[in-house]
J.: 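Could you have a look at this structure, given as structure tokens, before my questions?
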Amino acid sequence: MRPFTYEQAYDATSAVATVTGRPGATYLAGGTNLVDHLKLGVATPDLLVDVSGLPLDEVVATADGGLRIGATVRNSDLAAHPDVRRGYPVLAQALLAGASGQIRNAATTGGNLLQRTRCRYFQDLTTPCNKRDPGSGCPAREGFHRNLAVLGASEHCVATHPSDLAVALAALEAVVVVLGPAGERRVALADLHRLPGDHPEQDTTLAHGELVTGVELPALSFAGRSAYRKVRDRASYAFALVSVAAALDLRDGVVRDVRIALGGVAHKPWRATLAEDALRGGPATEAAFRAAAETELAQAEPLPDNAFKVPLARNTITATLRGLAGSDLGSNGQGADR
Ligand SMILES: Cc1cc2nc3c(=O)[nH]c(=O)nc-3n(C[C@H](O)[C@H](O)[C@H](O)COP(=O)(O)OP(=O)(O)OC[C@H]3O[C@@H](n4cnc5c(N)ncnc54)[C@H](O)[C@@H]3O)c2cc1C
Ligand code: SF4
């Protein structure tokens, strides 16, 4: 491991000034991802600025009926918060589907959103990887890619974003509050993470030194009817093969509004806008849910060993919406095709 200096941050503005002014500096929060990367040699900062003690550890109700979540709120605390459990089940379920109890106790909101891909080549210094070492190549396309992207990938990178929390926040249209040297700015969660394109080394749209200080959840009248469904190789302690965050607004068997985001399928949380558009104003039937999912997944470009994710995503979207519709699920006119 390369030697580095450690500093504890006592206020956000000074932390931003320190990291912005030093190219080799980076933030440390819970350390559950970054410390692994230090040990592996994937990250080689010369200065760690520890932001985990900053007073950004509250969840507070906002005037418009939403919530503001501080960047250092631990994943466990957020999942257990009564307003989250009651008002945003999709968020609590996504958090509890991630990692393990011990890791969730350490992991923070900001760190979770900015965790890096679990592509095995990215973590292995003996192999090329465009994300870790731009221009070196992407062995995943021809190699191990079973857990990698089927949507929005590029010839340069087919990695997936691993956060469950980010997928729920994408469905809830969260806004990320960021502090930089010029002050605060707000970034839609949908615009925080990038697709890989020609620059897979850039995971996000943040500039060096920008500090995530919080996440705002706007009020959403139907957030109470929301859920997160994660499919993985084993029941805990595993990243998503496919996950679905969804919220459903039904009236008299008609879909008034719907939010769907997918995890485990792309370099960023994938907002399924084509499926949403196909569903709005139509019947809440299993056939409609399945057709909408198929519309979204028509864009998929799977590789040989991850083609299974396409039907898996279709079925998981359908099952999640079916579960949310519950007893309001309409008939297909041909009987339910469950
Ligand atoms: C065995 C294992 C299983 C896991 N399973 C899952 C899973 O199923 N689902 C899931 O979602 N996650 C999973 N994780 C990942 C875990 O959730 C993340 O490691 C954790 O959320 C990262 O948060 P942290 O506070 O520890 O971040 P750190 O490791 O401290 O930091 C991560 C990155 O974020 C940056 N950073 C941290 N805070 C800020 C900030 N406020 N502003 C700007 N940059 C910041 C750091 O510089 C670093 O680059 C797993 C991890 C392990 C080790
Ligand atoms: S998929 Fe991305 S992260 Fe994985 S080896 Fe290719 S460039 Fe690296």
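We count residues from 1, following the sequence as given. Since we're looking at a predicted model, the values are computed, not measured. Just follow the structure's listing: the first ligand is 1, and inside any ligand the first atom is 1.
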J.: Taking C-beta and beyond as the side chain, do R259 and D249 meet within less than 4.5 Å on heavy atoms?
T.: no
J.: Provide, to 0.1 Å, the distance between atom 44 (N) of ligand 1 and the closest protein heavy atom, together with that atom's residue and name.
T.: L114 CD1, 3.1 Å
J.: Heavy-atom contacts under 4.0 Å between I103 and ligand 1: side chain, backbone, both, or neither?
T.: side chain
J.: May I ask whether A240 has any heavy atom positioned less than 4.0 angstrom from an atom of ligand 1?
T.: no
J.: Considering only NZ, NE, NH1 and NH2 on the basic side and carboxylate oxygens on the acidic side, decide whether R146 and D233 come within less than 4.0 Å.
T.: yes
J.: Which one holds for K230 and ligand 1: side chain close, backbone close, both close, or neither close, with close meaning a heavy atom under 4.0 Å?
T.: side chain
J.: Could you tell me whether ligand 1 has any atom less than 4.0 Å away from a heavy atom of R104?
T.: no
J.: Hydrophobic clusters join Ile, Leu, Val, Met, Phe, Trp and Tyr when side-chain heavy atoms are under 4.5 Å apart, directly or via other members; which others share one with F239?
T.: none
J.: Flag the pair D203 and R116 as a salt bridge only when some basic side-chain nitrogen lies within less than 4.0 angstrom of an acidic carboxylate oxygen.
T.: yes
J.: Tell me who clusters with L125, hydrophobic residues only, linked when side chains sit under 4.5 Å apart either directly or through other members.
T.: L40, V42, F122
J.: With heavy-atom distances below 4.0 Å as the criterion, list the atoms of ligand 2 near H156.
T.: 7 (S)
J.: Just to check, does R116 reach to within less than 4.0 Å of ligand 1 when the distance is taken from its heavy atoms?
T.: no
J.: How close does the nearest protein non-hydrogen atom get to atom 26 (O) of ligand 1, and which residue and atom is it?
T.: T32 OG1, 2.7 Å
J.: Counting only heavy atoms from other residues, nucleotides and ligands, does the tally under 6.0 Å from CZ of R120 exceed 12?
T.: no
J.: How about L96 and Q93: do any of their side-chain heavy atoms sit closer than 4.5 Å?
T.: no
J.: Report the protein N/O/S neighbours of atom 4 (Fe) of ligand 2 that fall below 2.8 Å; do not count waters.
T.: C119 SG
J.: Quick one: hydrophobic cluster around V16, which other residues, with the 4.5 Å side-chain cut-off, linked directly or via members?
T.: V19, Y27, L47, V49, V51, L54, L56, L179, L211
